[in-house]
Amino acid sequence: MMKQWGVLFKKEWTESVRNFKWLWLPVVFILLGVMQPLTSYYFADIIENFGGLPEGAVLDIPPPSGAEVLAGTLGQFSQIGFLVLVLAFMGTVAGEKSHGTHLMVLVKPVSYFNYLTAKWVHILLISLSSFVVGFAGAVYYTALLIETVPVNNVLSGGAVYALWITFIMTLVLCLSALFRSTAIVAFGSLGTALLMSVLSMYTPDLMKWSPGMLSSHSQMLFYSGDTGDGFWVSLAMTIVLITGIMTLTIYMFNKKEVAGHTE
Amino acid sequence: MNELTQALQENWAIIAPVLILQAILMVVALIDCFKHDKTNGPQWIWVLVIVFINIIGPILYFVFGRRND
């Protein structure tokens, strides 16, 4: 059982090495992470040169705090970072389905549990390591150019945000397993992420439980080292949802595939 | 303009890693593009996209240009 899982996982691994996912995703995240502190640092220079200010105008913008810059970095990750991750992994199962290659794996007595969890762990491993190196880049440049943020705040905020990424990528795998169209996977997961963060921004009281709250909790951690109200509720809920989505996906996939074979 | 170039030159060590990473992204995408005979869409267009659109070009290639088989 364990051996089969290892084989499936290794197949995923060699594939993502071969198509350079292990290289370009971390590089993109480092670039994203480094950009925010860099642009904050050079902001005044950039405005002076390209902003079309009248001659002699004096610009007095207070430099942002380190926490602000890190919060901004997470904002970049939530937009461009998520987009890139979802586009990279939307075809995880759906792509194999449309090519029919998943049948080559699944005609053998492979358990769907192993098939899907191997993919899940693999996706999370790449996404989270990309996030970690990107975030490390952001923290390093922020310390270098702006100011240091207390290590505890950085680590706890980063960890909370990592859980939010885990949630989204679980959703990507789920949709990818259940739908054939990669467009549905992309729009479904990005739409859910957007909806959850917007709702938790405008109605935080109703959305206390929502995983979408996690990113604002992580930003709070940067500023104060403390989370907002309802942190534990959303943390617990996210873990419950991740487990629930995975269980449901394996169950539904099982049902669908078995039905497909006997038809 | 002068002030910005000056500011950038002073901090060359800070900017250099960014440029190097961009270059890595571009070179890897180019190598992959040349190695495969078939891409989604004309290969020469992908080469232009990778070379001339900073950062985003290589990403576009990796996501949409590769043909998986």
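All chains are named by letter (A, B, ...) in the order of the sequence lines, taking the proteins before the strands, and each is independently numbered beginning at 1.
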Undergrad: Report which part of B/Ile55 has an atom under 4.5 Å of a heavy atom belonging to chain A: side chain, backbone, both, or neither.
TA: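 It is the side chain, since no backbone atom gets that close.
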
Undergrad: Looking at A/Leu155, I'd like to know if its CG atom is crowded, meaning that more than 12 non-hydrogen atoms belonging to other residues, nucleotides or ligands lie closer than 6.0 Å.
TA: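 Buried by this count: over 12 neighbours within 6.0 Å.
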
Undergrad: Hey, is NZ on A/Lys11 packed in by over 12 heavy atoms from elsewhere, all under 6.0 Å?
TA: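 Correct, the count exceeds 12.
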
Undergrad: Can you tell me how far CZ of B/Arg66 sits from CZ of A/Arg18, rounded to the nearest 0.5 angstrom?
TA: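 Interatomic distance, A/Arg18 CZ to B/Arg66 CZ, rounded to 0.5 Å: 9.5 Å.
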
Undergrad: With a 4.5 Å limit on heavy-atom distance, are the side chains of B/Phe64 and A/Leu87 in contact?
TA: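 Yes, close enough: below the 4.5 Å cut-off.
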
Undergrad: Would you please go through residues 141-151 of chain A and name the residues with a non-hydrogen atom below 4.5 Å from one of chain B, in numerical order?
TA: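 Listed by number: A/Tyr141, A/Leu144, A/Leu145.
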
Undergrad: Rounded to the nearest 0.5 Å, what separation is found between the CD1 atom of B/Ile59 and the CG atom of A/Leu83?
TA: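 The distance works out to 8.5 Å.
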
Undergrad: For A/Phe253, give me all partners under ring-ring contact (aromatic ring centres under 6.0 Å, His included), at least two apart in sequence or on another chain.
TA: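 Partners of A/Phe253 by the ring-ring contact (aromatic ring centres under 6.0 Å, His included) criterion, ordered by chain and then number, come out as A/Tyr112, A/Tyr115.
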
Undergrad: Just to verify, what does A/Phe131 make a ring-ring contact (aromatic ring centres under 6.0 Å, His included) with, not counting sequence neighbours?
TA: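 Partners of A/Phe131 by the ring-ring contact (aromatic ring centres under 6.0 Å, His included) criterion, ordered by chain and then number, come out as A/Phe77, A/Phe135, A/Tyr161.
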
Undergrad: Going by residue number, which parts of residues 23-37 of chain A are within reach of chain B, meaning a heavy-atom gap below 4.5 Å?
TA: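 A/Leu23, A/Trp24, A/Val27, A/Val28, A/Ile30, A/Leu31, A/Val34, A/Met35 fall under the 4.5 Å cut-off.
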
Undergrad: Please report the shortest heavy-atom distance between B/Asp32 and A/Phe20, naming the atom on each side.
TA: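 For B/Asp32 and A/Phe20, the tightest heavy-atom pair comes out as OD1-CE1, 3.2 Å.
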
